[in-house]
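Have a look at the structure below before the remarks.
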Amino acid sequence: MKNGTLLFIIVFSMISIGAFAQKKPNNHKIVFQFTNATDTLQQKAIVNQLKNMTTHWPNAKYEVVIHSMGLPFVMSDKSKQIGAIKALKAKGVRFLVCENTMKSQKVTKDQLIPEVEYVPVGIAEIVEKQEQGWSYIKGGF
C-alpha cells in the first residue's frame, strides 16, 4: 500500500510539473551597431543578418544604431539596400541614426531615407540598451 501511494505521488508530481511547465516567451532584444556602409558588401551583410534574425525570432525587438561611416546605408543617394530596409522596418526593425555623426559629416535629415529615427549619441544608445539587458551585435563583418 505504501508503494502504491508513493508511486501515485511521484506520477502525480510529474504530471503536474509537465502541465505547469511553459515554453519561455520570446523576449529577445538585440541592438546592432553599424559603422561601415561605405562598402556595399557590408550593407548587404547586415541586411542578411537582420533577415535571418527576424525570420528566426520574428517577435524579438531589433534596433540598428548607425553612426560613423555607417551613414551611407541610410542615405537616399548612396544606399544599395533601401528596399530591404523598408521591408525590415515593416517587420519592426528600428533604424536609429546618430545626430552627432550627422553633424560632424554635415549630413541633414533630408538626405536620409524616411524610415530612420534619430538619437543624439549613437554609442550612448548602444550603452543604454546593453544596460537594459539588450544583446549587442556588431553588424556587417
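Each residue takes its place number in the sequence, starting with 1.
Leu88 and Leu96 are not part of a single hydrophobic cluster, where members link through side-chain heavy atoms under 4.5 Å apart. The hydrophobic clustering, which links ILVMFWY residues whose side-chain heavy atoms are closer than 4.5 Å, places Ile126 and Val93 apart. Both Ile30 and Val47 are assigned to one and the same hydrophobic cluster, defined by single-linkage of ILVMFWY side chains at heavy-atom distances under 4.5 Å. Linking Ile, Leu, Val, Met, Phe, Trp and Tyr whenever their side-chain heavy atoms come within less than 4.5 Å puts Ile85 and Met102 in one cluster.
Across Val116 and Ile113, no two heavy atoms sit closer than the pair CG2-O, 3.3 Å. Residues Gly122 and Cys98 share a closest heavy-atom pair of N-SG, 3.3 Å. When every heavy atom of Met53 is checked against every heavy atom of Tyr62, the shortest pair comes out as O-OH, 2.8 Å.
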Worked verdict on His67 versus Val119 for side chain to side chain contact (heavy atoms under 4.5 Å, CB included):
CA-CA 10 Å; His67 66 94; Val119 293; over 6 Å; no
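Note that the CG atom of Leu50 and the CZ atom of Phe32 stand 4.5 Å from one another [nearest 0.5 Å]. Leu41 contributes atom CG, which lies 10.0 Å from atom CG of Asn36 (distance to the nearest 0.5 angstrom).
With sequence neighbours excluded, the residues forming a salt bridge (Lys or Arg N to Asp or Glu O under 4.0 Å) with Lys129 are Glu63, Glu125, listed by chain and number. For Thr108, the side chain to side chain contact (heavy atoms under 4.5 Å, CB included) test picks out Asp110, Gln111, with sequence neighbours left out. Take Glu99 and apply the salt bridge (Lys or Arg N to Asp or Glu O under 4.0 Å) test, not counting sequence neighbours, and it matches Lys109.
For the ring pair (Phe, Tyr, Trp, His ring centres under 6.0 Å) condition, no pair includes a residue of residues 93-119, sequence neighbours left out. Listed by first and then second residue, the salt bridge (charged side-chain N to carboxylate O under 4.0 Å, His left out) pairs that reach into residues 36-58 come to none, sequence neighbours excluded. Among pairs with a residue in residues 81-90, those fulfilling salt bridge (charged side-chain N to carboxylate O under 4.0 Å, His left out) read Lys89-Glu117, at least two apart in sequence or across chains.
Aromatic ring pairs are classed by plane angle as parallel below 30°, tilted from 30° to 60° and perpendicular above 60°; the pair Trp57 and His28 is parallel.
Hydrophobic clustering, defined by side-chain heavy atoms of Ile, Leu, Val, Met, Phe, Trp and Tyr closer than 4.5 Å, leaves Val121 isolated from every other such residue. Residue Val127 is found in a hydrophobic cluster whose other members, listed by chain and number, are Ile123; membership requires side-chain heavy atoms under 4.5 Å apart, directly or through intermediates.
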Only distances under 3.5 Å count here; give the side-chain donor-acceptor pairs of residues 130-141 to other protein atoms, sequence neighbours excluded, each with its distance to 0.1 Å.
unit_1 : atom_1 : unit_2 : atom_2 : d
Tyr136 : OH     : Gln33  : OE1    : 2.3
Lys138 : NZ     : Thr35  : OG1    : 3.1

Give the table of side-chain donor-acceptor pairs shorter than 3.5 Å for residues 68-82, with sequence neighbours excluded, one pair per line with atom names and distance.
unit_1 : atom_1 : unit_2 : atom_2 : d
Ser79  : OG     : Phe73  : O      : 2.7
Ser79  : OG     : Gln81  : N      : 3.1

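Residues Ile66 and Val64 meet the side-chain proximity criterion, which asks for heavy atoms closer than 4.5 Å. Residues Phe34 and Gln42 form a side-chain contact, since some pair of their non-hydrogen atoms from C-beta on lies under 4.5 Å apart.
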